[in-house]
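This report refers to the structure that appears directly beneath it.
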Amino acid sequence: MSQTANEYDFSIDFKTSNAFIIDLFADEDDQRRFRIILNKKKNEIVIDRSTTGKDISVAYGTTRTLDYSIDNEINIRIYTDTSSVELFVNGGEEVFTSRVFPKKSQSYLFLNSVGGTTAVTGNIYEMSK
């Protein structure tokens, strides 16, 4: 768990056995968040903004799923600011964009491995204003 400003450039490389979860814009209890799920067993990547904060464009859906064969290694690069998330998979092979409007208290970042050992390396850089 890490508390960050909500404007950052985050790059993470990992080897995963089953699934890896990244929660952005989370509150301290991880009840409100923007969730990214990398599921190797199901060969999919899911983004879920249903509990991020203010509901917007709900008619277009609050989750998106991409069929994606996750090999042993994957790179995720995330750019965030106060109202958007840009997610690049393996150097832009796949890209997600989403609007979010979290509360000021939603400034935590959580990383979770599910069903096995995950080797993780990464960097996070705060964006300058």
Side-chain angles (χ1 to χ4, degrees):
M1 172 179 76
S2 174
Q3 188 171 18
T4 65
N6 278 339
E7 298 88 22
Y8 49 85
D9 171 359
F10 177 47
S11 180
I12 184 168
D13 297 293
F14 62 92
K15 296 178 185 180
T16 186
S17 58
N18 290 332
F20 193 74
I21 299 170
I22 304 167
D23 288 336
L24 312 173
F25 302 115
D27 60 15
E28 191 170 3
D29 300 325
D30 197 24
Q31 298 298 307
R32 299 190 70 70
R33 65 189 168 266
F34 179 94
R35 178 163 276 181
I36 302 164
I37 302 168
L38 303 132
N39 191 324
K40 186 175 179 181
K41 275 189 151 180
K42 291 185 177 180
N43 285 316
E44 67 182 16
I45 299 172
V46 178
I47 63 168
D48 181 353
R49 64 183 177 95
S50 64
T51 62
T52 301
K54 182 180 178 183
D55 290 334
I56 58 160
S57 302
V58 177
Y60 297 105
T62 56
T63 63
R64 291 191 208 133
T65 302
L66 169 69
D67 291 331
Y68 190 82
S69 179
I70 298 173
D71 295 324
N72 288 332
E73 297 182 32
I74 191 168
N75 171 267
I76 301 294
R77 184 123 191 215
I78 302 166
Y79 295 97
T80 67
D81 65 23
T82 56
S83 66
S84 67
V85 175
E86 300 280 340
L87 171 70
F88 297 85
V89 180
N90 285 335
E93 196 173 271
E94 297 291 345
V95 178
F96 288 96
T97 300
S98 190
R99 297 294 308 260
V100 294
F101 294 96
K103 294 179 180 178
K104 194 170 191 164
S105 62
Q106 291 175 243
S107 58
Y108 287 85
L109 170 68
F110 294 93
L111 305 174
N112 296 293
S113 176
V114 178
T117 303
T118 301
V120 177
T121 58
N123 294 300
I124 188 166
Y125 302 100
E126 251 185 273
M127 300 284 207
S128 298
K129 292 189 178 201

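FYI, side chains are in, hydrogens and waters are out, and symmetry mates aren't considered; it's all heavy atoms of this structure.
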Compare every heavy atom of [Y] with every heavy atom of [X], then report the nearest pair and how far apart it is.
X: E7; Y: D81; answer: CG-CA, 3.7 Å
X: N75; Y: G91; answer: OD1-N, 4.3 Å
X: M127; Y: T80; answer: CG-O, 4.5 Å
X: D48; Y: T52; answer: O-OG1, 4.4 Å
X: L87; Y: I47; answer: CD2-CG2, 3.8 Å
X: F25; Y: P102; answer: CD2-CG, 3.4 Å

Using side chain to side chain contact (heavy atoms under 4.5 Å, CB included), reason through I124 and I78 one step at a time and then give a plain yes or no.
CA-CA 9 Å; I124 188 166; I78 302 166; over 6 Å; no
Do any N or O atoms from the side chain of [X] and from the backbone of [Y] form a donor-acceptor pair under 3.5 angstrom?
X: D27; Y: Q106; value: no
X: N90; Y: E93; value: no
X: R99; Y: S83; value: yes

Output the distance between atom [atom1] ([X]) and atom [atom2] ([Y]), rounded to the nearest 0.5 Å.
X: I22; Y: I76; atom1: CD1; atom2: CD1; answer: 6.0 Å
X: Y79; Y: Y125; atom1: OH; atom2: OH; answer: 11.0 Å
X: N43; Y: S69; atom1: CG; atom2: OG; answer: 4.5 Å
X: E44; Y: I70; atom1: CD; atom2: CD1; answer: 8.0 Å
X: E28; Y: F110; atom1: CD; atom2: CZ; answer: 7.5 Å
X: L109; Y: R33; atom1: CG; atom2: CZ; answer: 13.0 Å

Go through the steps for N18 and K40 under the test side chain to side chain contact (heavy atoms under 4.5 Å, CB included), then give the verdict.
CA-CA 5 Å; N18 290 332; K40 186 175 179 181; 5.8 Å; no
Decide yes or no for L24 and I36: does some side-chain heavy atom of the first lie under 4.5 Å from some side-chain heavy atom of the second?
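A side-chain contact under 4.5 Å exists here.
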Side chains of L38 and F14, heavy atoms from C-beta outward: is any pair under 4.5 Å?
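Yes, side chains in contact.
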Using the ring of each side chain (for Trp, its six-membered ring), is Y8 parallel, tilted or perpendicular to F10, with breaks at 30° and 60°?
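If you compare the ring of Y8 with that of F10, the planes turn out perpendicular.
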Side chain to side chain contact (heavy atoms under 4.5 Å, CB included) between I74 and Y68, worked out:
CA-CA 11 Å; I74 191 168; Y68 190 82; 4.0 Å; yes
Verify side chain to side chain contact (heavy atoms under 4.5 Å, CB included) between V85 and F96, making sure each step is shown before the conclusion.
CA-CA 8 Å; V85 175; F96 288 96; over 6 Å; no
For a salt bridge (charged side-chain N to carboxylate O under 4.0 Å, His left out) with D23, tell me which candidate from R49, R32, R35 qualifies.
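Answer after filtering R49, R32, R35: R35.
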